[in-house]
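Below: the structure, in structure tokens.
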Amino acid sequence: MLQMLSELVHVESPSNDKAAVDRAVALVASWSESLRGRVKIHRQQEFGDLLEVRFTPRSAHRGTPLMLLGHLDTVWEMGTLRHMPWRLKAGRIHGPGVLDMKAGVIMALTAVQALLELHALSRPVILLLNSDEEVGSTCSRALTERVARTCEAVYVLEPGQGDAGAYKTARKGVGNYRLDVTGVAAHSGVDFSNGHSAILELAYQIERLRNFTDLERGITVNPGVIAGGTRSNVIAAHAWAEIDVRIARAGDAARIDRSFHKLTCRDRACTLKVSGGLNRPPMERKKAIIELFKKAQSLAAILGFSLEEASTGGGSDGNFTAALGIPTLDGMGAVGAGAHASHEFIVVEHLAPRTALLATMML
Ligand SMILES: [Zn+2]
């Protein structure tokens, strides 16, 4: 597993570099073919191609497939390996994308391989890896949903949560909004009273956004980026903000959306444009998901380790499949820390037992 992981990490694959991600897709496709998987490459224009591999049992059993879901793109630019090299030290492996989520991809292939070698693959397994997860999965979403609809359950190979690598049974939904305010420019000294500041108007709107947050309901609203104006002696004609929204319950999506679209300008000479919306629906902790987790927990106990469940505010492609009502278990990949950060690493000792658990969950 470590050798394969090293090979995959050394094929750098930033989301914004199609050729690079396609090389990672080709590598995993070749490994899949050597496991007698039926490879289907879904060509993409903007981002890397999407890889769909179907592993079918030799026996006559057919059954509903299971889906193993992940992505091959990373947040790391080409050349990152130079200052953040593959490094195995003190039981940890460092490197770009090692945790999020190249180790998860290797775990999936190894789990399938184990079942094949034991002649224990009892139903079809579909491995679906996309190339635009780190930039919102806009191109891959339709395929993810289409394939998921044919599956009994979805196992997402994103990293586990925390030191013990808890499986994730709930994820918040994620939305992105943008406010654009247009005011009236004027000289701040000569013509102050004829100006209408887009910046002051935006500041007022941002104060109103504060009230959209409802921590008890799991709703957070974060104006994470603001910009506007041209010079300090010009009354700003334009200002904008980008806002990240998280919701725990699907039912709150419409409410938040209405709140955004009800915003009106205090300064009537200004205009406000609201754009954006919900990108990923929440993955809610429904009964079928709890049952799936309980199964994993008892199988882990048989394998000799304890498994916890967790919820997170971060989104993944599991949000899409869970929202379709397909039982989805997330965080089944590697254990480590520092996803999207320069200290990203996985803990080696968890690789084998968690891969065994993944294989057992496919029986
Ligand atoms: Zn990821």
Side-chain angles (χ1 to χ4, degrees), residues 5 8-9 11-17 20-21 24-25 27-28 44 47-52 67-77 80 84 93-109 111 127-141 143-145 147-148 154-162 165-174 176 244 246 279-283 310-323 328-347 350-351 354-355 358:
L5 182 55
L8 189 56
V9 169
V11 179
E12 291 180 288
S13 52
S15 316
N16 59 7
D17 188 330
V21 183
V25 169
L27 178 60
V28 176
Q44 298 293 306
F47 297 106
D49 294 336
L50 312 177
L51 176 63
E52 178 186 350
M67 183 185 201
L68 304 179
L69 181 58
H71 62 90
L72 281 166
D73 61 320
T74 75
V75 296
W76 300 104
E77 296 302 323
T80 299
M84 202 176 138
I93 293 171
H94 299 256
V98 66
L99 174 67
D100 187 6
M101 52 158 278
K102 291 184 170 177
V105 172
I106 304 303
M107 289 169 70
L109 289 170
L127 172 66
L128 190 69
L129 301 175
N130 70 53
S131 300
D132 62 344
E133 196 274 345
E134 298 292 4
V135 287
S137 300
T138 46
C139 292
S140 60
R141 178 177 181 170
L143 179 69
T144 301
E145 292 179 336
V147 175
V154 177
Y155 297 163
V156 186
L157 300 156
E158 293 283 355
Q161 185 138 309
Y167 278 9
K168 293 164 188 174
T169 52
R171 280 183 182 273
K172 281 189 178 178
V174 187
N176 295 292
D244 174 282
R246 309 271 160 160
N279 173 263
R280 293 178 199 271
M283 169 176 157
S311 67
T312 172
S316 89
D317 291 323
N319 290 56
F320 299 135
T321 61
T328 299
L329 209 45
D330 205 334
M332 295 178 78
V335 179
H340 299 199
S342 59
H343 65 285
E344 176 173 9
F345 68 87
I346 63 159
V347 179
H350 291 292
L351 269 183
R354 285 172 78 88
T355 304
L358 180 62

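Values in this document were obtained by computation on a predicted structure and should not be read as measured data. Heavy-atom basis, side chains included; hydrogens, waters and symmetry copies ignored. Ligands are counted one by one from 1 in listed order, and the atoms in each one are counted from 1 as well.
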- prompt: Between M332 and M107, what is the shortest heavy-atom contact and its length?
  reply: O-CE, 3.5 Å
field: Over all atoms of both residues, closest heavy-atom pair of R171 and D330
entry: NE-OD2, 2.5 Å
task: Report the C-alpha separation of L128 and L68 in whole Å, then their side-chain angles, then the decisive distance to 0.1 Å, and conclude whether the side chain to side chain contact (heavy atoms under 4.5 Å, CB included) test is met.
output: CA-CA 6 Å; L128 190 69; L68 304 179; over 6 Å; no
query: In total, how many protein N/O/S atoms does one find closer than 2.8 Å to the Zn ion (ligand 1)?
result: 4
- prompt: Between R141 and D317, is there a salt bridge with N-O shorter than 4.0 Å?
  reply: no
- prompt: Does a side-chain heavy-atom distance below 4.5 Å link L69 with L157?
  reply: no
- prompt: Quick one: which of E344, E12, H340 gives a side chain to side chain donor-acceptor pair (under 3.5 Å) with W76?
  reply: E344
